[in-house]
2 protein chains.
Amino acid sequence: MTERVVDEASRRRRRPTKHGQILTHRLIVETALRMLREHGAAGLTARRLGLALGADASAVYRYFRGMDDLVLAIADELYGHAMAGWAATGDWRGDLRDLGLRIHHAYLAHPQAAVLTASRVTGRPNEVAGDETILGILRGAGFPDGDAVRIYHAFIDQSLAFAILDAATLALPKAAREADEEVWHDTYARLPAATHPNIAATAPLLVARMNDSAYPTALDMLLSSASAQLSG
Amino acid sequence: MTERVVDEASRRRRRPTKHGQILTHRLIVETALRMLREHGAAGLTARRLGLALGADASAVYRYFRGMDDLVLAIADELYGHAMAGWAATGDWRGDLRDLGLRIHHAYLAHPQAAVLTASRVTGRPNEVAGDETILGILRGAGFPDGDAVRIYHAFIDQSLAFAILDAATLALPKAAREADEEVWHDTYARLPAATHPNIAATAPLLVARMNDSAYPTALDMLLSSASAQLSG
DNA sequence: CCCCTTATGTCAACGCCATTGACGTTGATG
DNA sequence: CATCAACGTCAATGGCGTTGACATAAGGGG
């Protein structure tokens, strides 16, 4: 038997499914994204995807080498969302901040997909283009290559790390998420100063802050540190 | 049929398995931890756990309501590991660095549990004690309350975020993880300078660096930024 | 238009997963 | 000793991702 998956660029045949649908690589990715949004990570299986496509599940293996390959395609799709419409201003710090928040935001728009994909390295076009851009900003700002790569590494992994953390929170069942959010008020804010002087002294600040994402703060601190290295 | 799982405090019976082993809640948790360490997340299945225990896999359901319940029990076991043996030196920056790396390391020792639990807010004693300690270090260093809470928020969430990101990588099936690791060499390092000048110029550095965790770098940058705020 | 070829979609099956129902029996208790 | 419930086993359930084989739709060439 020949290779099951045909190279996407040389794909020519168009055969409808039993229900009349013409499958494409793009349609499968978009359908998978929709299923992740509607049913969560556990809702994306080959069989359910097949049903949603009006096809047999195994048809998906004509387009992707496996479900993992599909997940990588989804990851690249999200990366494309993050970069869409972005334009450089020439202010390296502002540009990196904007990019970081965009990447974080794109993943947060699809929490279930983020949880599955933010840790992956795809080498696909959108990811490669994004990485080329970030490295370009850092090198253009005057960072030597060693520093540029080190900062790029911390920057991109930090944005992806917070994307997963915050996405995991959003992906929780509603009851679990609300219970977690109440902990700061119900548990922490009630701790006595005698046993927990630091928490007691800062409780109103904790209640006000801890249920929001810490990513903007962490990002600004990372950029401040990079900026200090450039000045020094 | 009555409830399958008996409350642990009221458990009295001791019946040996076919191989003579007496099962306990603790034995199952410890065996599962060992299997996670030795075989990775994909290596912990009910069947394999049963084999390792010298029991039928379904016996595990006498002790845990499901594999997820077991994973959370494992995480509970872990939580104490991160703080165990830690002692303050009085150097706020060194102490925070040590704590950050310990938290990260404890989760990385059990990626599957980390992926499931690092985003949760439990208000449990060990978590509370850890937060009290970190806030104490920051306030003790001279940060005003508003800054202490802001930095604490970025610090703790960043450590948890990187824990999930890196744990998710470790939790991948071996083939997927190795494929991801090869992407820097197989894809990125081969991009031509004509189209990707920045990646091409830094490729050897990327190959050398990107498969390791960026957490130590991000942590140091966060601490540098905090330090600069204290000085300024 | 017809014919050939092959890529595409379908179907059935494989080997694995977590889990449950039912049964036999061990051992605590009275 | 007798009773009985908890414990461990076994077989089955319902699902998972994936593959081999087959039928056929459709592209390409004559």
Side-chain angles (χ1 to χ4, degrees), chain A residues 1-28 31-32 35 39-73 116, chain B residues 1-25 27-28 31-32 35 39-73 112 116 171-176:
Chain A
M1 187 178 113
T2 61
E3 174 68 43
R4 197 169 196 133
V5 180
V6 168
D7 174 62
E8 198 57 37
S10 55
R11 195 183 294 278
R12 294 177 303 177
R13 306 296 302 281
R14 295 292 179 266
R15 173 182 179 168
T17 67
K18 208 184 317 189
H19 299 281
Q21 185 77 274
I22 305 288
L23 296 183
T24 64
H25 188 276
R26 175 153 211 94
L27 175 65
I28 295 169
T31 305
M35 293 186 68
H39 306 295
L44 178 61
T45 67
R47 287 186 175 98
R48 293 166 64 116
L49 180 57
L51 284 175
L53 289 165
D56 188 82
S58 55
V60 171
Y61 297 93
R62 295 284 180 191
Y63 296 82
F64 301 94
R65 286 191 193 81
M67 292 303 289
D68 189 63
D69 201 25
L70 174 59
V71 166
L72 292 177
L116 284 176
Chain B
M1 187 178 113
T2 61
E3 175 68 42
R4 195 166 196 136
V5 180
V6 169
D7 174 63
E8 199 55 38
S10 55
R11 194 182 296 276
R12 292 178 304 178
R13 302 299 301 282
R14 296 293 179 265
R15 173 182 177 171
T17 67
K18 209 185 312 191
H19 299 278
Q21 185 78 277
I22 305 289
L23 296 183
T24 65
H25 188 275
L27 176 66
I28 296 170
T31 305
M35 294 187 69
H39 306 295
L44 178 61
T45 66
R47 289 200 172 101
R48 293 166 66 118
L49 181 57
L51 283 175
L53 290 165
D56 187 81
S58 55
V60 172
Y61 298 95
R62 293 281 179 192
Y63 296 83
F64 301 92
R65 286 188 191 80
M67 291 304 287
D68 188 64
D69 198 27
L70 174 59
V71 166
L72 291 177
Q112 182 73 2
L116 289 174
L172 286 172
K174 185 174 161 66

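Within every chain, numbering begins at 1; the chains are lettered A, B, ... in the order of the sequence lines, protein sequences first and strands thereafter.
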Here the distance between atom C1' of D/dG15 and atom NE2 of A/His39, to the nearest Å, is 16 Å
Is the backbone of A/Gly54 close enough, under 3.5 Å, to the side chain of A/Thr17 for a donor and an acceptor to pair up by distance?
yes
Nucleotide D/dT18, atom P - distance to CE of A/Met67 in whole Å
7 Å
Determine, for nucleotides 8-14 of chain D in 5'-to-3' order, which nucleotides have protein heavy atoms under 4.0 Å from the base (write B), from only the sugar-phosphate (write S), or from neither (write -).
BBB----
Rounded to whole Å, CG of A/Leu51 lies from P of D/dG17 at a distance of 12 Å
Using side-chain heavy atoms (C-beta onward) and a distance below 4.5 Å, is B/Leu44 in contact with B/Met67?
yes
For A/Leu51, enumerate each residue passing the side chain to side chain contact (heavy atoms under 4.5 Å, CB included) test, keeping only those at least two apart in sequence or located in another chain.
none
Can you tell me the distance, in whole Å, between the CG atom of A/Leu44 and the C1' atom of D/dG17?
12 Å
N/O to N/O distances under 3.5 Å, protein versus nucleotides 1-3 of chain C:
none

State, with a plain yes or no, whether a side-chain heavy atom of B/Ile28 is found less than 4.5 Å away from one of B/Thr24.
no
Measure CG/A/Leu49 against C1'/C/dG9 and give the value in whole Å, please.
14 Å
Please, which pairs that meet side chain to side chain donor-acceptor pair (under 3.5 Å) have at least one residue in residues 49-61 of chain A, sequence neighbours excluded?
A/Asp56-A/Ser58
For the pair made of CZ in B/Phe64 and P in C/dT20, what is the distance, rounded to whole Å?
15 Å
Keeping the roles fixed (side chain from A/Arg4, backbone from A/Arg62), state whether a donor-acceptor pair exists under 3.5 Å.
no
The criterion is ring pair (Phe, Tyr, Trp, His ring centres under 6.0 Å); which residues satisfy it with A/His39, sequence neighbours excluded?
none
Considering residues at least two apart in sequence or located in another chain, which fulfil the salt bridge (charged side-chain N to carboxylate O under 4.0 Å, His left out) criterion with A/Arg26?
A/Glu30, A/Glu77
Spacing between A/Arg65 atom CZ and D/dT19 atom P, to the nearest angstrom:
11 Å
